Number of protein chains: 2
Amino acid sequence: MTKEKYGNKLKDSNLKVTPQRTAVLEALDNLKDHPTADKIKEYVVKNNPNIAVGTIYKTLETFVEKGMVNRVKTEEGVMRYDAILDRHHHLYCEETKRIEDFFDDELNEILIKYFEKKKISNFAIKDIKLQIIGTFDSKKN
Amino acid sequence: MTKEKYGNKLKDSNLKVTPQRTAVLEALDNLKDHPTADKIKEYVVKNNPNIAVGTIYKTLETFVEKGMVNRVKTEEGVMRYDAILDRHHHLYCEETKRIEDFFDDELNEILIKYFEKKKISNFAIKDIKLQIIGTFDSKKN
DNA sequence: TATTAAATAGGAATAGTTCTTATTTAAGAT
DNA sequence: ATCTTAAATAAGAACTATTCCTATTTAATA
Ligand SMILES: [Mn+2]
Ligand SMILES: [Mn+2]
Ligand SMILES: [Zn+2]
Ligand SMILES: [Zn+2]
C-alpha cells in the first residue's frame, strides 16, 4: 500500500495529508533524475489534472523546510529537487545536463577522515558533496 | 598597468577590447566572493554609469564561453560567477549564502588518485569540485 | 580616414518562481 | 455524522533574473 506510505511520511512531518502533497511525494519518489518543478507537474497532472502550479512550488518548499527533500545545486536557471536523503554525490553531465546519483561509502570515509584531521578555520562543516562534472559515454543515450 | 592587463586578457581570447568588457573583467578581478551579475553591475557602474545590464549579461556569457570565467553551482535563483580558474573548491555558508574558495592540493591529489583507480562506468570525469556545506563561525561576521 | 563586422544601449519579452486572495478542505471537537 | 476552524489550494497577478531584439555606436584594420 504505497499511497499509505506517503500519508505516513506526511504525518511524520506534521503535515496534513492532502491529495496534492501525496501526489508530489509520489512524483518525487518515482522521478529519480532530480526533476524540476515542471517535470514534477507533468507527472502529477496525470492523476491530478486540476493541481495548480503554485501548489507544486509551495509543496516543494514545504518539503524542503521539513527536510523531506533537498534542492540540488546547478548552474542553470531552474531549481531541481532530490528526494534521496541518504548521503550521496552527483554526476553532472555537461552535455545533457543530466544529474545522476553517485553513492560511495569508501569515498565518504576518506573525506570524513580527511576533514577530521584538517579542520577549516572559522567554518563548521555540515555536509560535503562532490560535484563530479563530465559527460556520460554516449554509446546509448 | 592593470588596465592593460585586462586588454591583453581580452586579446588572448580574441575578443575586441571595449571599455565594457574591461570593466567587467576588472570587477570580476576585484570581487572575490563569486558575485552575481547585479553585484558586478554595481561595481562597474561606478566608472561606467551608462553600461546596460544586458551588456553585463552578454559579456559574462562571452567570458564563460571563452573559459575566462566559470559559473558557480548554487541552489538560489541567481547565477554567480567565479574568475578564479585554478582548481579549487567551495565553502557554502547555509546562513549567509556566502561562497568562499577552498584551495587544497593535498585533497586534489587524493581525489585524483581515488578516481584513477575507481572509474565510474559510462562517465568521463572532467572535473571534481567539493561543495563544503556549513556555516562560518559568527565571531566576527 | 573610411570601412565594416562586432558590440552596446535601451527596452521589450520570456521564464521560473513567488505572492495574493477567495474558496475549499482536512482533521479534530462535539 | 456534523460542525468548526486553521490550513491548504486554485487561479491568476506580480515579481525578478535573464534573454532577446534592433537601431546605433564603436573597435579594429586597411
Ligand atoms: Mn569555482
Ligand atoms: Mn529566473
Ligand atoms: Zn541525488
Ligand atoms: Zn571560487
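Small disclaimer: the values here were computed from a predicted structure and weren't measured. Per chain, numbering begins at 1; letters A, B, ... match sequence-line order.
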Practice task
For the helix from dT1(C)-dA30(D) to dT30(C)-dA1(D), figure out the bend between the end axes, five pairs an end, and round to 10 degrees.
Solution key: 30°

Exercise for the section: Report, as a single string ordered 5' to 3', how protein heavy atoms within less than 4.0 Å touch nucleotides 7-14 of chain C: B base, S sugar-phosphate only, - not at all. Expected result: SSBB----

Completion exercise
note: Met79(A), atom CE; dA15(C), atom C1'; distance rounded to Å ~ 14 Å

Practice task
Grab the CG-C1' distance between Asn48(A) and dT24(C) for me, whole Å please.
Solution key: 15 Å

Exercise for the section: Check the distance between dG16(C)'s C1' and Arg71(A)'s CZ and give it to me in whole angstrom. Expected result: 13 Å

Kindly list each side-chain donor-acceptor pair under 3.5 angstrom involving residues 99-106 of chain A, sequence neighbours excluded, with atom names and distances?
| residue | atom | partner | partner atom | Å |
| --- | --- | --- | --- | --- |
| Glu100(A) | OE1 | Arg98(A) | NH1 | 2.6 |
| Asp101(A) | OD1 | His34(A) | NE2 | 2.7 |
| Asp101(A) | OD1 | His88(A) | NE2 | 2.9 |
| Asp101(A) | OD1 | His90(A) | NE2 | 3.2 |
| Asp104(A) | OD1 | Glu106(A) | N | 3.1 |
| Asp104(A) | OD1 | Leu107(A) | N | 2.9 |
| Asp104(A) | OD1 | Tyr114(B) | OH | 2.9 |
| Asp104(A) | OD2 | Tyr114(B) | OH | 2.7 |
| Asp104(A) | OD2 | Lys118(B) | NZ | 3.4 |

Problem - Residue-phosphate contact under 4.0 Å: Tyr57(A) side-chain N/O, dT17(C) OP1/OP2 - result: yes

Practice task
Send over the distance from Glu75(A) CD to dA17(D) P, rounded to a whole Å.
Solution key: 19 Å

Problem - SB check Asp29(A) Lys5(A) (cutoff 4.0 Å) - result: yes

Handout entry: Leu111(A)/His89(A) under side chain to side chain contact (heavy atoms under 4.5 Å, CB included): CA gap, chis, key distance, verdict
Key = CA-CA 12 Å; Leu111(A) 292 173; His89(A) 308 283; 4.2 Å; yes

Please tabulate, for the side chains in residues 38-47 of chain A, all donor-acceptor contacts under 3.5 angstrom to protein atoms that are two or more places apart in sequence or on a different chain.
| residue | atom | partner | partner atom | Å |
| --- | --- | --- | --- | --- |
| Tyr43(A) | OH | Asn30(A) | ND2 | 3.3 |

Problem - Full working for side chain to side chain contact (heavy atoms under 4.5 Å, CB included) between Lys73(B) and Ile133(A) - result: CA-CA 11 Å; Lys73(B) 290 183 170 58; Ile133(A) 299 148; 4.1 Å; yes

Exercise for the section: Please list residues of residues 24-43 of chain A whose heavy atoms come under 4.0 Å from any atom in DNA chain C, ordered by number; otherwise none. Expected result: none

Handout entry: Whole angstrom value for the distance that separates P of dT17(C) from CZ of Arg80(A)
Key = 11 Å

Exercise for the section: Examine Phe123(B) and Val72(A) and state if one hydrophobic cluster contains both, with Ile, Leu, Val, Met, Phe, Trp and Tyr joined whenever side-chain heavy atoms are less than 4.5 Å apart. Expected result: no

Problem - Apart from Tyr57(A) itself, residues in the same hydrophobic cluster as defined by side-chain heavy atoms under 4.5 Å - result: Val53(A)

Problem - NZ or CZ of Lys97(A) within 45° of Tyr92(A) ring axis and under 6.0 Å - result: no

Practice task
Considering only NZ, NE, NH1 and NH2 on the basic side and carboxylate oxygens on the acidic side, decide whether Asp82(B) and Arg80(B) come within less than 4.0 Å.
Solution key: no

